Amino acid sequence: MKRLENRLLVLAAMVVFSVVGFLAWREHKAAVAYRQLAIIVSSVTNVTVYDLSASTDGVSSNSLSLAVSAPFPIEVFSRAAGNAAYRDPIFAIWKGSSVAVLTLRDGATRLARFSYYGGFFSLEGVPGYYVVPGGHDSEFHTRFWKLIDEQFATERRLRKKTPAQSLQP
(Lines give C-alpha, C1' and ligand atoms only; values in the text may rest on other atoms or scores of the structure.)
Protein backbone atom coordinates (compact mmCIF):
# COMPACT_ATOMS: atom_id res chain seq x y z
CA MET A 1 0.00 0.00 0.00
CA LYS A 2 2.84 2.37 0.88
CA ARG A 3 4.46 1.68 -2.49
CA LEU A 4 1.24 2.64 -4.35
CA GLU A 5 0.97 5.86 -2.35
CA ASN A 6 4.57 6.77 -3.27
CA ARG A 7 3.90 6.14 -6.96
CA LEU A 8 0.75 8.25 -6.87
CA LEU A 9 2.66 11.02 -5.09
CA VAL A 10 5.40 10.92 -7.74
CA LEU A 11 2.80 10.94 -10.51
CA ALA A 12 0.97 13.91 -8.94
CA ALA A 13 4.28 15.80 -8.61
CA MET A 14 5.09 15.13 -12.26
CA VAL A 15 1.69 16.42 -13.36
CA VAL A 16 2.04 19.57 -11.24
CA PHE A 17 5.56 20.27 -12.54
CA SER A 18 4.43 19.67 -16.13
CA VAL A 19 1.53 22.09 -15.81
CA VAL A 20 3.69 24.74 -14.12
CA GLY A 21 6.39 24.27 -16.77
CA PHE A 22 3.87 24.58 -19.60
CA LEU A 23 2.41 27.78 -18.13
CA ALA A 24 5.88 29.25 -17.63
CA TRP A 25 6.81 28.38 -21.23
CA ARG A 26 3.63 30.13 -22.51
CA GLU A 27 4.40 33.23 -20.44
CA HIS A 28 7.95 33.31 -21.81
CA LYS A 29 6.66 32.88 -25.37
CA ALA A 30 4.24 35.81 -24.88
CA ALA A 31 6.97 38.03 -23.43
CA VAL A 32 9.24 37.32 -26.41
CA ALA A 33 6.37 38.03 -28.83
CA TYR A 34 5.56 41.37 -27.13
CA ARG A 35 9.23 42.43 -27.37
CA GLN A 36 9.37 41.51 -31.07
CA LEU A 37 6.11 43.36 -31.72
CA ALA A 38 7.35 46.48 -29.91
CA ILE A 39 10.60 46.52 -31.91
CA ILE A 40 8.77 46.19 -35.21
CA VAL A 41 6.05 48.73 -34.40
CA SER A 42 8.58 51.34 -33.30
CA SER A 43 10.25 51.06 -36.73
CA VAL A 44 7.14 51.20 -38.94
CA THR A 45 7.14 54.08 -41.42
CA ASN A 46 4.31 52.89 -43.68
CA VAL A 47 1.39 50.46 -43.55
CA THR A 48 -0.24 49.40 -46.82
CA VAL A 49 -3.26 47.13 -46.91
CA TYR A 50 -3.89 45.04 -50.02
CA ASP A 51 -7.19 43.75 -51.35
CA LEU A 52 -5.70 40.31 -51.19
CA SER A 53 -6.77 37.51 -48.91
CA ALA A 54 -3.99 36.35 -46.63
CA SER A 55 -3.22 32.65 -46.66
CA THR A 56 -0.82 30.38 -44.91
CA ASP A 57 0.98 29.76 -48.23
CA GLY A 58 2.47 33.22 -48.23
CA VAL A 59 2.16 36.12 -50.64
CA SER A 60 4.20 36.63 -53.78
CA SER A 61 5.49 40.02 -54.89
CA ASN A 62 3.63 39.42 -58.16
CA SER A 63 0.28 39.04 -56.39
CA LEU A 64 0.99 42.22 -54.40
CA SER A 65 1.80 44.17 -57.55
CA LEU A 66 -1.50 43.12 -59.14
CA ALA A 67 -3.68 43.84 -56.09
CA VAL A 68 -5.43 47.09 -55.26
CA SER A 69 -3.84 48.71 -52.20
CA ALA A 70 -4.44 51.60 -49.85
CA PRO A 71 -2.46 53.21 -47.04
CA PHE A 72 -3.51 52.48 -43.47
CA PRO A 73 -2.88 55.13 -40.78
CA ILE A 74 0.39 54.31 -39.00
CA GLU A 75 -0.78 55.93 -35.77
CA VAL A 76 -3.93 53.75 -35.68
CA PHE A 77 -1.86 50.61 -36.20
CA SER A 78 0.71 51.71 -33.62
CA ARG A 79 -1.94 52.42 -30.96
CA ALA A 80 -3.65 49.11 -31.67
CA ALA A 81 -0.38 47.18 -31.49
CA GLY A 82 0.67 48.98 -28.31
CA ASN A 83 -2.50 47.89 -26.51
CA ALA A 84 -3.06 44.50 -28.14
CA ALA A 85 -3.18 41.27 -26.16
CA TYR A 86 -1.07 38.30 -27.24
CA ARG A 87 -2.88 35.07 -28.09
CA ASP A 88 -1.35 31.68 -28.75
CA PRO A 89 -1.94 30.58 -32.36
CA ILE A 90 -2.88 27.06 -31.24
CA PHE A 91 -6.40 28.29 -30.50
CA ALA A 92 -6.83 30.68 -33.46
CA ILE A 93 -9.55 30.37 -36.06
CA TRP A 94 -9.06 32.81 -38.92
CA LYS A 95 -12.12 33.16 -41.11
CA GLY A 96 -10.52 35.70 -43.41
CA SER A 97 -7.98 38.47 -43.49
CA SER A 98 -6.27 40.97 -45.74
CA VAL A 99 -2.59 41.24 -46.38
CA ALA A 100 -0.83 44.30 -45.03
CA VAL A 101 2.78 45.24 -45.67
CA LEU A 102 4.65 47.14 -42.99
CA THR A 103 7.62 49.13 -44.23
CA LEU A 104 10.31 49.64 -41.60
CA ARG A 105 12.80 52.47 -41.13
CA ASP A 106 15.64 50.39 -42.60
CA GLY A 107 13.62 49.68 -45.77
CA ALA A 108 12.77 46.11 -44.80
CA THR A 109 9.17 44.96 -45.03
CA ARG A 110 7.05 42.66 -42.89
CA LEU A 111 3.84 40.98 -43.94
CA ALA A 112 0.87 41.19 -41.62
CA ARG A 113 -2.65 39.79 -41.59
CA PHE A 114 -5.53 42.04 -40.56
CA SER A 115 -8.59 39.97 -39.66
CA TYR A 116 -11.93 40.87 -41.20
CA TYR A 117 -13.83 39.56 -38.19
CA GLY A 118 -12.75 40.90 -34.87
CA GLY A 119 -10.01 43.45 -34.50
CA PHE A 120 -6.97 41.23 -34.47
CA PHE A 121 -3.81 40.89 -36.52
CA SER A 122 -0.64 38.85 -36.85
CA LEU A 123 2.85 39.66 -38.09
CA GLU A 124 5.13 37.47 -40.13
CA GLY A 125 7.99 36.19 -38.00
CA VAL A 126 6.32 37.05 -34.70
CA PRO A 127 4.66 34.18 -32.86
CA GLY A 128 0.97 34.27 -32.10
CA TYR A 129 -1.58 36.89 -32.99
CA TYR A 130 -2.76 40.06 -31.26
CA VAL A 131 -6.26 41.05 -30.22
CA VAL A 132 -6.98 44.77 -30.16
CA PRO A 133 -9.01 45.99 -27.16
CA GLY A 134 -12.60 46.63 -28.23
CA GLY A 135 -12.50 44.06 -31.03
CA HIS A 136 -15.17 45.00 -33.60
CA ASP A 137 -15.66 48.37 -31.92
CA SER A 138 -11.98 49.33 -31.87
CA GLU A 139 -10.56 52.21 -33.87
CA PHE A 140 -8.30 49.69 -35.63
CA HIS A 141 -11.19 47.53 -36.83
CA THR A 142 -13.39 50.52 -37.72
CA ARG A 143 -10.66 52.16 -39.81
CA PHE A 144 -9.80 48.85 -41.48
CA TRP A 145 -13.43 48.33 -42.57
CA LYS A 146 -13.69 51.96 -43.67
CA LEU A 147 -10.66 51.41 -45.90
CA ILE A 148 -12.21 48.23 -47.33
CA ASP A 149 -15.52 49.96 -47.95
CA GLU A 150 -14.11 53.17 -49.46
CA GLN A 151 -11.11 51.79 -51.35
CA PHE A 152 -11.62 48.12 -52.16
CA ALA A 153 -15.39 47.74 -52.53
CA THR A 154 -15.54 50.40 -55.24
CA GLU A 155 -12.71 48.73 -57.15
CA ARG A 156 -14.38 45.34 -56.81
CA ARG A 157 -17.62 46.70 -58.27
CA LEU A 158 -15.75 48.29 -61.19
CA ARG A 159 -13.90 45.05 -61.95
CA LYS A 160 -17.18 43.10 -62.01
CA LYS A 161 -18.76 45.34 -64.64
CA THR A 162 -18.96 43.79 -68.08
CA PRO A 163 -17.57 45.76 -71.05
CA ALA A 164 -21.13 46.72 -72.12
CA GLN A 165 -21.93 47.97 -68.60
CA SER A 166 -18.78 50.09 -68.45
CA LEU A 167 -19.94 52.01 -71.57
CA GLN A 168 -23.17 53.05 -69.88
CA PRO A 169 -23.16 56.31 -67.90
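This is a predicted model, so every value here is computed, not measured.
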Inset, instruction - Check for a donor-acceptor pair, side chain of Thr45 on one end and backbone N or O of Thr103 on the other, with a separation under 3.5 Å. - result: yes

Inset, instruction - List the atom of Ala108, the atom of Asp106, and the distance in Å for their closest heavy-atom pair. - result: N-OD1, 2.9 Å

Inset, instruction - Decide yes or no for Leu37 and Phe121: does some side-chain heavy atom of the first lie under 4.5 Å from some side-chain heavy atom of the second? - result: yes

Inset, instruction - For the residue pair Val132 and Phe120, establish whether any side-chain heavy-atom pair is separated by less than 4.5 Å. - result: no

Legend entry - Test item: Leu123 and Tyr129 side chains (from C-beta on) under 4.5 Å apart, heavy atoms: no

Inset, instruction - Could you tell me the separation between the CG atom of Asn83 and the CD atom of Glu139, rounded to the nearest 0.5 Å? - result: 10.5 Å

Inset, instruction - Using modelled atom types only, decide if a donor and an acceptor are shared between the side chain of His136 and the backbone of Gly119 within a distance under 3.5 Å. - result: no

Inset, instruction - To the nearest 0.5 angstrom, please state how far the CD1 atom of Ile148 sits from the CG atom of Asp51. - result: 7.5 Å

Legend entry - Minimal non-hydrogen separation, Ala70 against Gln151, with atom names: CB-CG, 3.7 Å

Inset, instruction - Say whether, by atom type as modelled, one donor and one acceptor occur between the side chain of Trp145 and the main chain of Phe140 under 3.5 angstrom. - result: no

Inset, instruction - Could you check if a side-chain atom of Val101 sits within less than 4.5 angstrom of a side-chain atom of Leu111, using non-hydrogen atoms only? - result: yes

Legend entry - Atom pair CZ (Arg143) and CD (Glu75), whose distance is rounded to the nearest 0.5 Å: 6.5 Å

Inset, instruction - Could you check if a side-chain atom of Val126 sits within less than 4.5 angstrom of a side-chain atom of Arg110, using non-hydrogen atoms only? - result: yes

Inset, instruction - Return the minimal non-hydrogen interatomic distance between Thr48 and Ser69, and the atom names on each side. - result: CG2-CB, 3.6 Å

Inset, instruction - May I ask you to check whether Tyr116 and Ser98 show a side-chain donor-acceptor distance below 3.5 Å? - result: yes

Legend entry - Check: Arg113 side chain, Glu124 main-chain N or O, donor-acceptor pair, under 3.5 Å: no

Legend entry - Verdict with supporting geometry, Leu102 and Asn46, side-chain contact (heavy atoms from CB on, under 4.5 Å): CA-CA 6 Å; Leu102 311 178; Asn46 187 43; over 6 Å; no

Legend entry - Minimum heavy-atom distance Phe144-Ser115, with the two atoms named: CE2-O, 3.4 Å

Legend entry - Phe77 with Tyr117, same ILVMFWY side-chain cluster at under 4.5 Å: yes

Legend entry - is_close_aromatic(Phe114, Phe72), centroid dist under 6.0 Å: yes

Legend entry - Shortest non-hydrogen contact from Tyr86 toward Gly128: CE1-CA, 3.6 Å

Inset, instruction - Using a 4.5 Å cut-off on heavy atoms from C-beta on, say whether the side chain of Pro127 contacts that of Gln36. - result: yes

Legend entry - Closest non-hydrogen atom pair between Leu104 and Ile40, with its separation: CD2-O, 3.8 Å

